[in-house]
Amino acid sequence: MTTRTFPPLHEQMDVIRRGAAEILPEEDLVRKLEHSLQTGIPLRVKLGCDPSKPDLHLGHSVVLRKLRQFQDLGHQAILIVGDFTGMIGDPSGRNKTRPPLTLEETRENGRTYFEQASRILDPKHVVIQYNSDWLANMRFEDVIALAAKVTVAQMLERDDFEKRYRNREPISLHELLYPLAQAMDSVAVRSDIELGGTDQKFNLLIGREIQREYGQSPQVILTMPLIAGTDGTEKMSKALGNYIALDENPNDFYGKVLSIPDHLIVPWFSILTDAPPEHVERIHKDILAGKNPRDAKRELARTLVAAYHSTEAARAAEEHFDRLFREKLPPEEIETYIHSPESGEYLLDILLKTGLISSKNEGRSLIKQSAVSIDGERVHDPLMRVPDTPECVVKVGKRRFLRIRRADTNH
RNA sequence: GCAGAGGUACCGAAGUGGCCAACCGGGACAGACUGUAAAUCUGUUGGCUUUACGCCUUCGAAGGUUCGAAUCCUUCCCUCUGCACCA
């Protein structure tokens with residue numbers, strides 16, 4: 001363990017507090033930071049990741065960004081891949097038990113998780129641990145002893161369990177063990193601080209209790225607010241489809257940000273970007289003063305795309321968006337399908353084959369709704385064939401395009 | 001184990017022998033409109049085709065009754081509640 005120097009206490013606290021929902025207990029954090037300042041030993045900051053759903057989105061970025069801040073302050077980031085707990089399935093926020101994964105699947109997912117998280121974290125200074133390393137070796141009596149440390153009433157306090165119980169939805173016994181497993185992770189890595197969304201508060205607190213049982217100084221817990229998804233009401237989650245993935249391509253990323261309701265502009269700005277608080281405040285005032293929120297939203301979209309891709313990509317995405325939706329022109333790059341006239345294919349066949357429609361019925365109904373056009377001409381006939389031109393562009397709905405090129409045309 | 005309730009399309013939820021490919025709501029998709037992929041209004045939302053009151057597959061699973069079943073019967077699987085049992 002190398003020793004190092006850290007920024008002064010109040011500076012660290014300022015950074016750590018920014019955007020946090022809760023720090024419990026704050027005095028412990030101060031104490032731990034002071035200790036680290038004196039000894040030069042970094043704090044061990046734990047974040048658990050759930051390998052059952054390895055697609056990270058902006059919701060995850062909130063807590064990852066916080067972890068990054070700890071890294072930048074000189075502390076040790078510890079990422080726990082829940083490969084073992086993935087076999088249990090975390091019930092949070094969902095009313096269906098997850099299908100259990102195999103250990104191999106969770107390992108693989110853990111890898112892609114880390115890849116995506118590296119867009120935010122400093123990947124060189126992360127310790128990655130797989131919790132099967134310690135959980136898989138526990139004996140049944142160890143598990144029972146662990147389970148004895150909490151009561152059923154405590155477990156049922158957890159909002160998700162309580163709700164499901166009240167709604168007479170199934171709760172499997174093994175789900176109750178999840179918080180305990182997560183707590184064992186804290187014991188295993190001797191975490192000083194554990195990060196999580198506010199929905200994790202319960203689990204994080206159990207970690208404190210169990211660490212104490214094992215004679216460790218309990219971790220400080222730091223929760224981050226959950227952000228609303230693109231629909232503006234529900235929290236961002238993959239299950240609800242209101243998310244923006246971290247590896248979303250720049251164009252979709254930009255477009256999805258622009259589609260959020262106006263009231264999310266300020267919260268997203270302040271929690272998802274590095275924009276200084278004064279700047280966010282300025283934007284907030286401008287909007288209240290009647291400035292068109294579109295401009296702020298465009299800036300937000302550019303900022304986010306720039307953070308996850310590049311400034312260049314952000315500009316290109318904005319141009320692409322304007323081209324498509326303001327000027328209603330086809331995009332510059334369109335997938336091309338080579339068509340041989342003698343094949344006798346109907347337009348619908350081609351659209352189905354290229355995935356622009358998922359069934360011919362869908363295609364027919366889209367044609368009926370005048371959602372299909374060729375080179376700007378509306379298609380009305382479901383038995384339409386490809387026009388006898390070297391090349392044409394088919395548009396389905398607002399966003400689906402296909403260039404069809406005749407096979408004999410040289411290019 | 002006993003008793004009661006229940007399992008319907010992406011989700012929620014109607015439907016208890018034919019008019020059911022299945023009301024309605026959400027979501028999704030589309031058209032109009034718009035600063036926007038927002039809001040609003042309208043439409044579509046199992047598949048196939050010769051687009052038709054046509055054909056095929058679907059209402060936990062498998063069988064059966066019937067001219068005809070999501071709807072009735074049998075067996076099985078699963079969930080919830082209560083009781084019983086219980087280290």
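Note on naming: letters A, B, ... go to the chains in the order of the sequence lines (proteins, then strands), and numbering restarts at 1 for each one. Keep in mind that this is a model prediction, so the values were computed, not measured.
Distances were taken from every side-chain heavy atom of A/Ser365 (C-beta onward) to each of B/C80, B/C48, B/U44; the shortest belongs to B/U44. When each of B/C80, B/U50, B/G47 is scored by its nearest atom to the side-chain atoms of A/Asn361, the top-ranked nucleotide is B/G47. The side chain of A/Leu366 lies closest to B/C29, out of B/C29, B/U49, B/U79.
Across all strands shown, B/U44 is found opposite B/A28 as a Watson-Crick or G-U wobble partner, with both distances under 3.5 Å. Searching all strands for a Watson-Crick or G-U wobble partner of B/A39 with both distances below 3.5 Å returns nothing. In this structure B/U34 sits in no base pair that meets the Watson-Crick or G-U test at under 3.5 Å. Across every strand in view, B/A5 sits in a pair with B/U79 that passes the Watson-Crick or G-U test at under 3.5 angstrom. Pairing of B/U74, defined by two Watson-Crick or G-U wobble distances under 3.5 Å, is identified with B/A62. In this structure, B/U57 forms no base pair with any nucleotide, since neither Watson-Crick nor G-U wobble geometry is met with both distances under 3.5 Å. Taking a pair to require two hydrogen-bonding distances under 3.5 Å in either a Watson-Crick or a G-U wobble arrangement, B/A22 remains unpaired.
Summarising the geometry, the separation between NZ on A/Lys163 and P on B/C80 is reported as 18 Å, rounded to the nearest angstrom. Between the CG atom of A/Asp231 and the C1' atom of B/A28 there is a distance of 13 Å, given to the nearest Å. Spacing between atom NZ of A/Lys360 and atom P of B/G46 amounts to 18 Å, rounded to whole angstrom units. Atom CG in A/Leu352 sits about 14 Å away from atom C1' in B/U49, given to the nearest Å. Going from atom CG of A/Leu356 over to atom C1' of B/A30 covers 14 Å, rounded to whole Å.
Between A/Lys368 and the phosphate of B/A30, there is no side-chain N or O to OP1/OP2 separation shorter than 4.0 Å.
Ring geometry for A/Tyr113 against A/His60 counts as perpendicular: the plane angle is over 60°, on a 0 to 90° scale with 30° as the lower cut.
Here the shortest heavy-atom pairing between A/Asn242 and A/Glu234 reads ND2-O, 3.5 Å.
Checked against the 6.0 Å centroid criterion, the rings of A/Tyr308 and A/Phe253 qualify as a close aromatic pair. Taking the six-membered ring wherever Trp is involved, the centroid distance between the rings of A/Phe161 and A/Tyr165 does not fall below 6.0 Å.
On the C1' atoms, B/C56 is 45 Å away from B/G1, given to the nearest whole Å. Nucleotides B/A30 and B/A14, compared at atom C1', are 27 Å apart to the nearest Å. One P atom belongs to B/C23, the other to B/C11, and the distance between them is 16 Å to the nearest Å. Using C1' as the reference atom, B/U40 and B/C59 are 35 Å apart when rounded to the nearest Å. Nucleotides B/A39 and B/C33 have their C1' atoms positioned 10 Å apart, rounded to a whole Å. Spacing between B/G17 and B/C77 at atom P, rounded to whole Å, works out to 28 Å. Nucleotides B/A22 and B/U45, compared at atom P, are 9 Å apart to the nearest Å. The separation of B/C76 from B/U66, taken at their C1' atoms, amounts to 23 Å, rounded to a whole angstrom.
Using a 4.0 Å heavy-atom criterion, one finds that A/Arg400 contacts the sugar-phosphate atoms exclusively. A/Tyr346 comes within 4.0 angstrom of nothing in the nucleic acid, heavy atoms only.
In this structure A/Asp28 satisfies the side-chain contact (heavy atoms from CB on, under 4.5 Å) test together with A/Pro25, A/Arg31, A/Arg208, A/Val220, sequence neighbours excluded.
Judged purely by distance below 3.5 Å, without hydrogens or angles, the side chains of A/Ser191 and A/Gln219 pair a donor atom with an acceptor atom. With 3.5 Å as the limit, one finds a donor-acceptor pair spanning the side chains of A/Tyr337 and A/Lys353. A donor-acceptor pair shorter than 3.5 Å cannot be found between the side chains of A/His320 and A/Glu332. In summary, the side chains of A/Glu377 and A/Ser373 do not present any donor paired with an acceptor at a separation below 3.5 Å, with no hydrogens or angles considered.
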Along nucleotides 31-38 of chain B, 5' to 3', which nucleotides get a B, which get an S, and which get a -, given that the test is a protein heavy-atom distance under 4.0 Å? SS-BBBBS

